[in-house]
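To find a chain, count down the sequence lines: A is the first, B the second, and so on, and within it residues start at 1. This structure is a prediction, so every number in the text was calculated from the model and none was measured.
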2 protein chains.
Amino acid sequence: MSRCENCIIRQFNSLRAMSKEELKKVSDTKVSKTFKKGDAIFEEGDRLDGVFCVRDGVSKLSKLSSNGKDQIIKLASKGEILGQRSVIAEESANLSAIAIKDMDVCFIPKESILHTLNTNPNFAVEVLRHMAKDLRDADDVIVNISQKTVKQRIAEAFIYLKDNFGEDELGFLNLSLTREDMSNVVGTATESTIRIISEFKKKGIIETSGKKIRILNIPKLETVISGL
Amino acid sequence: MSRCENCIIRQFNSLRAMSKEELKKVSDTKVSKTFKKGDAIFEEGDRLDGVFCVRDGVSKLSKLSSNGKDQIIKLASKGEILGQRSVIAEESANLSAIAIKDMDVCFIPKESILHTLNTNPNFAVEVLRHMAKDLRDADDVIVNISQKTVKQRIAEAFIYLKDNFGEDELGFLNLSLTREDMSNVVGTATESTIRIISEFKKKGIIETSGKKIRILNIPKLETVISGL
DNA sequence: ACCGAAACCTGACAATTGTCATATTTTTAA
DNA sequence: TTAAAAATATGACAATTGTCAGGTTTCGGT
């Protein structure tokens, strides 16, 4: 089994602020796990006794609202640490984490994390910086959802998917969400998303092939986002 | 001038995790300031060279959206620390802080904060816990804004104002927002807010006297929130 | 290759929310 | 106190979005 000390993923998250010794301890207690598309890594309300470091795949972090719909708060992929907020706050999970692409993760028991937090200020500050960034992102999402139209938000979501997950050789988005997941990201009804995607197709802004989506005209997308 | 070591406000925020010595240093470098209603403590994009500890009054933290409307992300009062996120992330402020009730704050230069963060893990973890809570709150706001109607959100806002800022002897809310600020909290047009408040008045759910608002029927408000 | 389930699509309509225009009331400041 | 400015209020209407009801297509497993 691979050792954390040699793990490249580490470079992308706060674990890089751990000392050699701390990493060794983490490595000794960690457990590799895999999750298939659709599997839950954890669910809202679960007590987490550790965090999950994503080595491969993608997970959606969502929260069930009182009207029965899921709201996707974030998409997490390689390098992200899941469950950190709950472990630090010593609360049960406020979000569910469901795999939307087969995942390869390391489970790290919370003891190593909490101990390092309490003894290594570098690590604590590194985690703090990450959380500060998440918080700013959340603020931006709040503004977007409440001040932009559904069409603008969907256009933004495509740009987001391109920028964060990239495109394959043929220009198709590496990560294609179902219309329903897309709706849960932007906070709207599935039918609305379908209609707007159809409209984008008719206008030559995007193109689909099977369930893959290719962005054809970024300037037009930007125009939609700007709301003109 | 009063000393941080004796400041009661400290109990409510992460400064309580500082040692006597650290507090003394903070106290020596801090500067008391007052802001009148309408004054900006700082604005979106400002580089902050410290944080602001609120001793009295209330501030709205808001972000301007591309369509020219403000979105209020949070209302901060006694005990809150403003600007912490930006100082920690070493970024310019992502939000503006405007006083909505005359304020009495202490400005604490970032050096003391950052130095303590890097040397006192207790303090770092305490700050982390606070930020973890803010992040969860932000997640909840995202779900609320995208999945609930304007009417539900306004009803929730009244409960929020009552729970967080309390009522005076006569049962009037201690903090009354203008209709415009209320709109910017729930993310809707001012006219919509006015209409819904009128409706609540007609239904005997709330009552107004001048610019003060009194909640008359909490169960009815809860019913509105539940969406039946 | 086939079946059932899930995903996708479209129309028709209703509900919600935003915009504009215009009063009225309240607050503020000279 | 009094005039100007800001906040509140309401109507009429348009735009956006949601819901329901029916389709078709695509996909995964046997």
Whole-Å distance separating the [atom1] atom of [X] from the [atom2] atom of [N]:
| X | N | atom1 | atom2 | result |
| --- | --- | --- | --- | --- |
| Ile196(B) | dG18(C) | CD1 | P | 9 Å |
| Ile145(B) | dT17(C) | CD1 | C1' | 14 Å |
| Asp102(A) | dG28(D) | CG | C1' | 14 Å |
| Arg179(A) | dT10(C) | CZ | P | 10 Å |
| Lys212(B) | dT26(C) | NZ | P | 16 Å |
| Glu199(A) | dT10(C) | CD | P | 12 Å |
| Glu180(B) | dT19(C) | CD | P | 13 Å |
| Met182(A) | dC8(C) | CE | C1' | 14 Å |

Query - Base dC20(D) to side chain Glu191(A), donor-acceptor N/O within 3.5 Å cut-off - result: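 Answer is yes: a donor-acceptor pair is held.
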Could you tell me whether [X] contacts a base, only the sugar-phosphate backbone, or nothing, with contacts defined as non-hydrogen atoms closer than 4.0 Å?
| X | answer |
| --- | --- |
| Ser198(A) | sugar-phosphate |
| Lys201(A) | sugar-phosphate |
| Lys69(B) | sugar-phosphate |

Is [X] close enough to [N] that one of its side-chain N or O atoms is under 4.0 Å from OP1 or OP2 there?
| X | N | value |
| --- | --- | --- |
| Lys211(B) | dA6(D) | no |
| Thr149(A) | dA15(D) | no |
| Arg195(B) | dA9(D) | no |
| Thr188(A) | dG18(D) | yes |
| Ser192(A) | dG18(D) | yes |

Query raised in the report: For Lys63(B), does the NZ atom sit with more than 12 other heavy atoms under 6.0 Å from it, leaving out its own atoms?
Result: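 Yes, NZ of Lys63(B) has more than 12 neighbouring heavy atoms, counting only those of other groups under 6.0 Å.
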Query raised in the report: Do the ring planes of Phe165(B) and Tyr160(B) sit parallel (below 30°), tilted (30 to 60°) or perpendicular (above 60°)?
Result: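 Plane angle over 60°, so perpendicular.
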Query - From CA spacing to verdict: side chain to side chain contact (heavy atoms under 4.5 Å, CB included), Val51(A), Lys110(A) - result: CA-CA 6 Å; Val51(A) 301; Lys110(A) 66 177 172 187; over 6 Å; no
Query - Ser146(A)/Gln71(B) under side chain to side chain donor-acceptor pair (under 3.5 Å): CA gap, chis, key distance, verdict - result: CA-CA 8 Å; Ser146(A) 73; Gln71(B) 175 67 37; 2.5 Å; yes
Report task. Determine whether the side chains of Asp168(B) and Asn174(B) contain a donor N or O and an acceptor N or O closer than 3.5 Å. Result -> no
Query raised in the report: For Lys151(B) and Lys37(B), take the nucleotide of DNA chain C holding the closest heavy atom to each; which residue's nucleotide lies nearer the 5' end?
Result: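 By nearest-heavy-atom nucleotide position, the 5'-most residue is Lys151(B).
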